[in-house]
Amino acid sequence: MKESLKNFYKYEASDEELMTYIRINSGKWNEKSFVHMKKIVREVMQDYRNEDCYPKIFVSYFVTYIPSIINILSNFRGCTDEEIREYHTEEAYLNMIAERIIELKNLEREFANSLLSI
């Protein structure tokens with residue numbers, strides 16, 4: 001098993017995994033986990049670019065988790081006082097969430113395109 005996949009398994013099983021974090025913390029966003037997730041999945045895609053297929057759990061992440069995260073983010077309508085303090089305004093927070101949705105959709109496209117090159 002490649003090191004990137006080992007790292008993905010550790011991340012996916014942790015409380016810091018983005019979907020798990022969002023569920024545990026009632027929809028609260030975790031930028032650190034988001035950045036970490038993007039890095040890990042891109043490393044796996046890079047390491048497996050010359051393989052015939054991805055491991056099932058990795059494919060499942062893109063089929064189940066990423067769309068679920070996008071769905072949850074798409075339904076954000078406001079933010080907490082803590083988030084307003086961090087982002088200064090509710091509008092800035094919601095704009096950040098909209099940007100993360102775009103980034104997640106782009107990551108889905110990267111994954112889909114990588115399937116064409118396998």
Side-chain angles (χ1 to χ4, degrees):
M1 180 183 307
K2 297 181 185 207
E3 194 64 32
S4 62
L5 189 59
K6 288 179 188 177
N7 291 336
F8 175 78
Y9 275 114
K10 288 177 193 173
Y11 171 77
E12 199 273 333
S14 76
D15 288 347
E16 291 303 310
E17 186 276 321
L18 187 56
M19 184 67 181
T20 302
Y21 185 90
I22 290 170
R23 286 180 184 162
I24 290 172
N25 293 286
S26 302
K28 185 175 180 188
W29 181 251
N30 185 329
E31 186 70 13
K32 181 179 174 185
S33 180
F34 174 67
V35 169
H36 189 64
M37 179 269 295
K38 287 191 320 180
K39 178 182 179 288
I40 286 175
V41 298
R42 284 184 172 134
E43 287 172 356
V44 172
M45 285 189 282
Q46 179 67 26
D47 281 351
Y48 282 81
R49 73 183 179 281
N50 295 321
E51 303 293 328
D52 289 336
C53 60
Y54 288 120
K56 288 180 184 179
I57 193 166
F58 188 72
V59 173
S60 176
Y61 195 81
F62 276 91
V63 171
T64 305
Y65 280 47
I66 300 294
S68 294
I69 294 168
I70 290 170
N71 186 44
I72 290 169
L73 295 180
S74 296
N75 290 304
F76 276 11
R77 299 289 180 249
C79 58
T80 64
D81 290 341
E82 178 184 334
E83 290 159 340
I84 289 175
R85 280 192 298 277
E86 185 175 347
Y87 292 93
H88 305 291
T89 67
E90 185 171 326
E91 182 181 357
Y93 178 75
L94 294 175
N95 286 337
M96 180 275 301
I97 293 296
E99 290 171 7
R100 297 310 173 263
I101 291 169
I102 291 168
E103 289 181 59
L104 286 164
K105 288 180 179 182
N106 288 338
L107 193 60
E108 281 182 313
R109 276 190 285 283
E110 282 180 49
F111 174 72
N113 289 335
S114 75
L115 293 173
L116 300 174
S117 63
I118 288 184

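Excluded from the calculations below are hydrogen atoms, water molecules and symmetry mates; all remaining heavy atoms, backbone and side chain alike, are included.
- With contacts defined as side-chain heavy-atom distances shorter than 4.5 Å, the pair R23/M19 qualifies.
- Here the CD1-CG distance, from I101 to L73, works out to 5.0 Å after rounding to the nearest 0.5 Å.
- Going from atom CD1 of I72 over to atom CD1 of I97 covers 11.0 Å, rounded to the nearest 0.5 Å.
- Counting heavy atoms from C-beta outward, D47 and L5 have side chains that stay 4.5 Å or more apart.
- Counting only heavy atoms from C-beta outward, the side chains of M37 and I66 approach each other to under 4.5 Å.
- A pairwise comparison of heavy atoms in S33 and E17 identifies OG-C, 3.6 Å as the closest pair.
- Checked against the 6.0 Å centroid criterion, the rings of Y48 and F58 do not qualify as a close aromatic pair.
- Inter-residue side-chain proximity for F34 and I69 is flagged as unmet; no heavy-atom pair is nearer than 4.5 Å.
- Atom NZ in K39 sits 7.0 Å away from atom CG in N7 (nearest 0.5 Å).
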task = Apply salt bridge (charged side-chain N to carboxylate O under 4.0 Å, His left out) to the pair E103 and R100, showing each step before the final yes or no.
result = CA-CA 5 Å; E103 289 181 59; R100 297 310 173 263; 3.1 Å; yes
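- Under the 4.5 Å side-chain criterion, counting only non-hydrogen atoms from C-beta, Y11 is not in contact with T20.
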request  = Take K105 and R109, measure what side chain to side chain contact (heavy atoms under 4.5 Å, CB included) needs, and give me the verdict at the end.
outcome  = CA-CA 6 Å; K105 288 180 179 182; R109 276 190 285 283; 4.2 Å; yes
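- Taking a 6.0 Å sphere around CG of N71, one finds it holds more than 12 heavy atoms contributed by other residues, nucleotides or ligands.
- Rounding to the nearest 0.5 angstrom, the gap separating the CD1 atom in I40 from the OH atom in Y9 is 13.0 Å.
- Connection of I57 to M1 is established within a shared hydrophobic cluster, with ILVMFWY side chains joined at heavy-atom distances below 4.5 Å, either directly or through further cluster members.
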task = Any chance you could lay out the side chain to side chain contact (heavy atoms under 4.5 Å, CB included) test for E110 and V41, step after step, and finish with the verdict?
result = CA-CA 10 Å; E110 282 180 49; V41 298; over 6 Å; no
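- Y54 is listed as a side-chain neighbour of L115, based on a closest heavy-atom distance under 4.5 Å.
- More than 12 non-hydrogen atoms from other residues, nucleotides or ligands lie less than 6.0 angstrom from NZ of K2.
- The ring of F8 has its center closer than 6.0 angstrom to the ring center of Y61.
- The distance between the ring centers of W29 and Y93 does not fall below 6.0 angstrom.
- The distance from atom NZ of K32 to atom CG of L18, rounded to the nearest 0.5 Å, is 13.5 Å.
- Scanning all heavy atoms of the two residues, the minimum distance from S114 to M45 falls at OG-SD, 3.8 Å.
- Distance check: I70 CD1 to Y65 OH gives 15.0 Å after rounding to the nearest 0.5 Å.
- At least one donor-acceptor pair under 3.5 Å links the side chain of S68 to the backbone N or O of T64.
- When only modelled atom types and interatomic distance are considered, Y21 and S14 share no side-chain donor-acceptor pair under 3.5 Å.
- The shortest distance between side-chain heavy atoms of N106 and K38 does not fall below 4.5 Å.
- When side chains are defined from C-beta on, H36 does not count as touching N30, because their heavy atoms never get closer than 4.5 Å.
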N95/E91 under side chain to side chain contact (heavy atoms under 4.5 Å, CB included): CA gap, chis, key distance, verdict = CA-CA 6 Å; N95 286 337; E91 182 181 357; 3.7 Å; yes
